[in-house]
Number of protein chains: 2
Amino acid sequence: MRPWFARSDDRRKGQRVAATLADVARRAGVSAATVSRVLNDNYPVAPATRQRVLRAVQELEYVINGNARALAASTSDLIGVLVNDVADPFFGLIASGVQSETGGDKLAVVCNTTGAPDRELNYLTLLQRQRAAGVVLSGSAIEEPEHIHAVTERLRRLAAAGTRIVLCGRPPLPGLAGGGDDAKVATLAFANRDGARELTEHLLALGHRRIGYVAGPADRTTTRHRLEGHRAALAARGMGAGSGRLIAHCAYDRASGRRATLALLDAEPGLTAIAAANDTMALGVCAALRERGLRIPDDVSVTGFDDLPFSADAFPGLTTVRLPLYQAGALAGRLLMGHESPPPDGLVTIPAEVVRRDSTAPPRRP
Amino acid sequence: MRPWFARSDDRRKGQRVAATLADVARRAGVSAATVSRVLNDNYPVAPATRQRVLRAVQELEYVINGNARALAASTSDLIGVLVNDVADPFFGLIASGVQSETGGDKLAVVCNTTGAPDRELNYLTLLQRQRAAGVVLSGSAIEEPEHIHAVTERLRRLAAAGTRIVLCGRPPLPGLAGGGDDAKVATLAFANRDGARELTEHLLALGHRRIGYVAGPADRTTTRHRLEGHRAALAARGMGAGSGRLIAHCAYDRASGRRATLALLDAEPGLTAIAAANDTMALGVCAALRERGLRIPDDVSVTGFDDLPFSADAFPGLTTVRLPLYQAGALAGRLLMGHESPPPDGLVTIPAEVVRRDSTAPPRRP
DNA sequence: CCAGGGAAAGAAAGCGCTTTCTACCCTCGG
DNA sequence: CCGAGGGTAGAAAGCGCTTTCTTTCCCTGG
């Protein structure tokens, strides 16, 4: 079956399809070197010559071959952005932020890892193949020594080859120093612990004492940090970290949040508040509560995390923690472009801020 | 000021940083040709030799240079995905769908055009530079003959160079035929007109007669099609296309939807329903209604379009039209990869389906 | 025992650029 | 009037691969 598109073979056989530098040079009556210099504007060229070259470029509709250029100059126009899934607004916002700062010159390659370690490594290899100019790694890391080691090694090699690296919303990688003369990797850390702590403090201040927590997958750093913040707030009040029965781990999605909430409710019917580890799960929490005939916040208060755009329009408006994701992505982009420098230790903390809406209220007196 | 990352100059001066094919060949005691053959598995190589080569690859941590390869073989691992903004779930879903089908071999370059014609053209040039294997254009097109012509020309050249092209949620480009032997471009068209018509029919069936419409920017095809569907439904009932005062054009975002609604309400206080041209605007519509103390759907019914994930959790659950965006993206991906063929005319219609939730109800009897 | 043939490997010519090094011309100052 | 030197342009050597064309070698059949 003949494919519906032109095969590359078709092209190779036939006459040249795109003009080359040499074609332009010939037409302009100059050498290839001169054309290259006009195009890159990195060497003096007489105005008249320049004009002739530019005209030839126009006439031949010449478009430079990026691969040849990258090969000869050992540079690259590619920036890799590793995310769990672009369709998730959390990552979409980061990716969009990166784009906003790199879009003019560079092409952003967005890679959906689905959070899988092997896909992550695989994409890093593909990016290394293309000799990417930079890579942004987002998405919470799996806390598995083996995988962390593998990623560290891959990044070390990328960095050695000149690829700039920014970790966005990930813990710093020990061994890949941040600052000093051999600085390689910048890290943007979200204030997950602080944000979670303040959020739970808010709940405690309202008077809640039996608070359920719907956490993310147990093996992720982000999960752990947010949970630690939650526990810290409880501990500060002298409350035990909460019996394990108040905490349910599950995937970072809505359906899982719903299921986890139903389980939590069965185990602890007396809950007056449930904190979810992110906004998406929080929607599932709300759905589950409604199914059980519980009103929000009258019967049970709910909180999320991230403050994704939809959270303000959810019902009720979700009390959550705002993370400036777009701005973080933009910062990552600027760092990659060299438009900005990270502090000596390479570590930037992205602040988190509690946003109070209508999903939290004091508990009803029993 | 010395940049925080290793400069590419640093690299060029110093000793070679990455192993090359020749290094591998030397170490394995074979010729470069043989290494290439092992790596590409496109020519018989004796098992023993193969083993030696693979070992050398391991030992040297060799990673092929994608640019050199692309240059020599005139192939490419890049797929371009043009979207207005990845942070918008509408486009995020499409991009994610494309990725799902291309991710293994290809790298998806996501380009945020913000809907601006010049950025669109600029990105097409950048992709042409990289000799991209394929391009997906999404995002509603500006209906400006000049721009359409410019895009058509750019695409024609891309196609001529072997780049496969899929238009996703855009009108077909006259002149870039879809099928037959010289097929170049496949088009995935969303059933915007039908979806909008059915949605308005739903409103009419409920008994609404004074229906406001918050449309997108007037110069977009998508805007026009959805509006046409709306009007067609009205016309079928013998209702005038609605006085212009029932229709407000604005940007496809929440804030604009809110403002437009306030204006509509001022002009026509008797509205019993408002249809928004997409879900995001619909959220703005809801916000505006609430500000005015109107209840949804008791006082005014509201509809959206697209059925983005958040629509089910909005308050009240949004009646809207579902567009299988992820699936459309995936189809685009399969088309690009040659895993699937478009019909002879190159045109695939992606069906739309009304989803009834809680934001629509019969109007109160006045 | 030798011609013939197939399998496996190598040599080498590019692919389309960048960049160093060299060549040239023209203008000055002595 | 001549040599120095600044300003332009060109020649050519790669960059790291792929692929065609040869060559080599060994096995088979007559």
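Lettering follows sequence order; numbering is per chain, from 1.
- The side chain of A:Ala72 lies closest to C:dT18 when the candidates are C:dT18, D:dG10, C:dA11.
- With hydrogens and angles left out, the side-chain atoms of A:Arg154 and A:Thr125 include a donor and acceptor closer than 3.5 Å.
- With hydrogens and angles disregarded, no donor-acceptor distance shorter than 3.5 Å links the side chain of A:Ser96 to the backbone of A:Gly92.
- A straight line from CD1 of B:Ile64 to P of D:dG16 spans 13 Å, rounded to a whole angstrom.
- Contact check of residues 37-51 of chain B against DNA chain C (heavy atom, cut-off under 4.0 Å) returns B:Arg37, B:Tyr43, B:Pro44, B:Val45, B:Ala46, B:Thr49.
- An OP1 or OP2 oxygen of C:dG10 is reached within less than 4.0 angstrom by a side-chain nitrogen or oxygen of B:Thr34.
- One can place CG of A:Leu71 at 9 Å from P of D:dC17, the figure rounded to the nearest angstrom.
- Counting only distance, with no hydrogens or angles, the side chain of B:Arg164 and the backbone of B:Leu336 share a donor-acceptor pair below 3.5 Å.
- Residues A:Cys168 and A:Val136 approach most closely at CB-CG1, 3.9 Å, considering heavy atoms.
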Got a list of side-chain donor-acceptor pairs under 3.5 Å for residues 27-36 of chain A, not counting sequence neighbours?
unit_1, atom_1, unit_2, atom_2, d
A:Arg27, NE, A:Glu59, OE1, 2.7
A:Arg27, NH2, A:Glu59, OE1, 3.1
A:Ser31, OG, A:Ala33, N, 3.4
A:Ser31, OG, A:Thr34, N, 3.4
A:Ser31, OG, A:Thr34, OG1, 3.3
A:Ser36, OG, A:Asn40, ND2, 3.4

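- Atom CG in A:Leu60 sits roughly 15 Å away from atom C1' in C:dG16 (whole-Å rounding).
- In the set D:dG16, C:dT19, C:dG10, the nucleotide with an atom closest to the side chain of B:Thr20 is D:dG16.
- Picking from D:dC17, C:dC17, D:dG10 the nucleotide with the shortest atom distance to the side chain of B:Arg69 gives D:dC17.
- Qualifying side chain to side chain donor-acceptor pair (under 3.5 Å) partners for A:Asn84, counting only residues two or more places apart in sequence or in other chains: none.
- Remark: A:Arg119 pairs with no residue by the salt bridge (Lys or Arg N to Asp or Glu O under 4.0 Å) rule, at least two apart or across chains.
- The side chain to side chain donor-acceptor pair (under 3.5 Å) test applied to A:Glu153 returns A:Arg156, not counting sequence neighbours.
- In this structure, A:Ser36 does not reach the C:dC17 phosphate: none of its side-chain N or O atoms is under 4.0 Å from OP1 or OP2.
- In the helix from C:dC1-D:dG30 to C:dG30-D:dC1, the rotation axis of the first five pairs and that of the last five pairs differ in direction by 50°, rounded to 10 degrees.
- By the 4.5 Å heavy-atom criterion applied to side chains, A:Leu39 and A:Val57 are counted as neighbours.
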